[in-house]
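Below is one structure, written out as C-alpha cells; the observations come after it.
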Amino acid sequence: MSLVPPSSAIGFKEWSFVCDSLVQGVQTMVLRKGGIHEGRGGFEWKHQAFFLFPTWFHTQGEKLRWVPENAQRAFPPEEERTSVDIDGFATLEHVWKVTDWAKMEALAPLHIWNEDVVKERFVYDDESCLHIALVRAWKLPQRWSFPYSKSYGGCRSWVNLPEEGLALLANATPALKDATWDETAGRLQSLLD
C-alpha cells in the first residue's frame, strides 16, 4: 500500500507513548473524548491524514499498559518546550462512537491504555462514550524536528504544522505489513460493527 500525501501538514496531538505505539505497530486505534477547546460539538475527526504530534506529561507511563523502549527521553513542560520531534504519520480508516461499556472492555487487548484511564474518559461528561478511530500508521524515514510554537499549545487536538514535513511522506513506510494490518483492523471492526 502506498501513502497519498495530504495537501496540508496537520498534526494530531496525542500522548507521546501512544504515538510511539502506533508507529511501532503495537496498536492501530486512537481513543478520543476531546479537548476543552473542541467547541460545543465536542471532538470531531476533521482530517483524514495527519502527523502524530507527541505530547507529554510526567505520569503518562503510569496510565498505560505498554511503554516504549525509548521511554527515558526527556520532555520539558509545555511552557519550556523549544522543539517538536515527529516520527510518524497516520491515515484515518474508520471511526466509531462507542456508547456501550462492554464494547470498550472487549477492546482492551487491542490498545495500551489502563482500564481506569479508558473508563475515566468514557464517563467524563453527561454522554458516556468514546470516539474510536482505526488508523493506519506510517513511520517517517527520519525524525522530523522543527521549532515549537505557542500555537501548538493548549488542550486542542489539531494543529497546523510547517509544510516542509510533507516531503518526508514520499519515503514513509507502513508500521504494519498489509496482512498484519488487515487482520488487526478486522478484529477491531468485528468488535464494533
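Worth knowing before you read on, the calculation uses all heavy atoms, side chains too, and leaves out hydrogens, waters and symmetry mates.
Heavy-atom minimum distance, Phe51 versus Gly165: CZ-O, 3.5 Å. Nearest heavy atom pair, residue Asn160 against residue Tyr152, reads O-CE2, 3.2 Å.
Counting only heavy atoms from C-beta outward, the side chains of Val135 and Thr28 never approach each other to under 4.5 Å. Glu14 is not listed as a side-chain neighbour of Phe53, based on a closest heavy-atom distance of 4.5 Å or more. When side chains are defined from C-beta on, Gln27 counts as touching Leu22, because their heavy atoms get closer than 4.5 Å. Residues Phe89 and Phe12 are not in side-chain contact: their nearest non-hydrogen atoms beyond the backbone lie 4.5 Å or more apart. Side chains of Gln48 and Pro6 form no contact here, defined as non-hydrogen atoms less than 4.5 Å apart. Using a 4.5 Å heavy-atom cutoff, the side chains of His47 and Leu92 are not in contact. Side-chain contact between His131 and Leu31 is absent, with no heavy-atom pair separated by less than 4.5 Å.
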Verdict with supporting geometry, Leu168 and Asn171, side chain to side chain contact (heavy atoms under 4.5 Å, CB included)
CA-CA 6 Å; Leu168 293 169; Asn171 295 311; over 6 Å; no

Do Leu161 and Ile10 pass the side chain to side chain contact (heavy atoms under 4.5 Å, CB included) test, and can you show the C-alpha distance, the side-chain angles, and the key distance before you say yes or no?
CA-CA 6 Å; Leu161 303 178; Ile10 301 295; over 6 Å; no

Using side chain to side chain contact (heavy atoms under 4.5 Å, CB included), reason through Glu115 and Glu105 one step at a time and then give a plain yes or no.
CA-CA 8 Å; Glu115 182 179 357; Glu105 289 179 309; 3.9 Å; yes

Would you sort out whether His111 and Val30 count as a side chain to side chain contact (heavy atoms under 4.5 Å, CB included), showing the intermediate values?
CA-CA 8 Å; His111 64 73; Val30 174; over 6 Å; no

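Residues passing the salt bridge (charged side-chain N to carboxylate O under 4.0 Å, His left out) test with Lys97 are Glu127, sequence neighbours excluded. The side-chain contact (heavy atoms from CB on, under 4.5 Å) test applied to Asp193 returns His94, Trp96, Gln189, not counting sequence neighbours.
Using bins of under 30°, 30° to 60° and over 60° for the plane-to-plane angle, the ring pair Trp158/Phe50 lands in the perpendicular bin. Between Phe122 and Trp101, the two ring planes are tilted [angle within 30° to 60°].
Taking a cutoff of 4.0 Å between a charged side-chain nitrogen and a carboxylate oxygen, Asp182 and Arg136 do not qualify as a salt bridge.
For Arg121 and Trp15, the positive end sits near the middle of the six-membered ring, less than 6.0 Å away and at most 45° from its axis.
Atom CG of Leu134 and atom CZ of Arg187 lie 12.5 Å apart (nearest 0.5 Å). Taken to the nearest 0.5 Å, the CG atom of Asp100 stands 11.5 Å off from the CG atom of Leu191.
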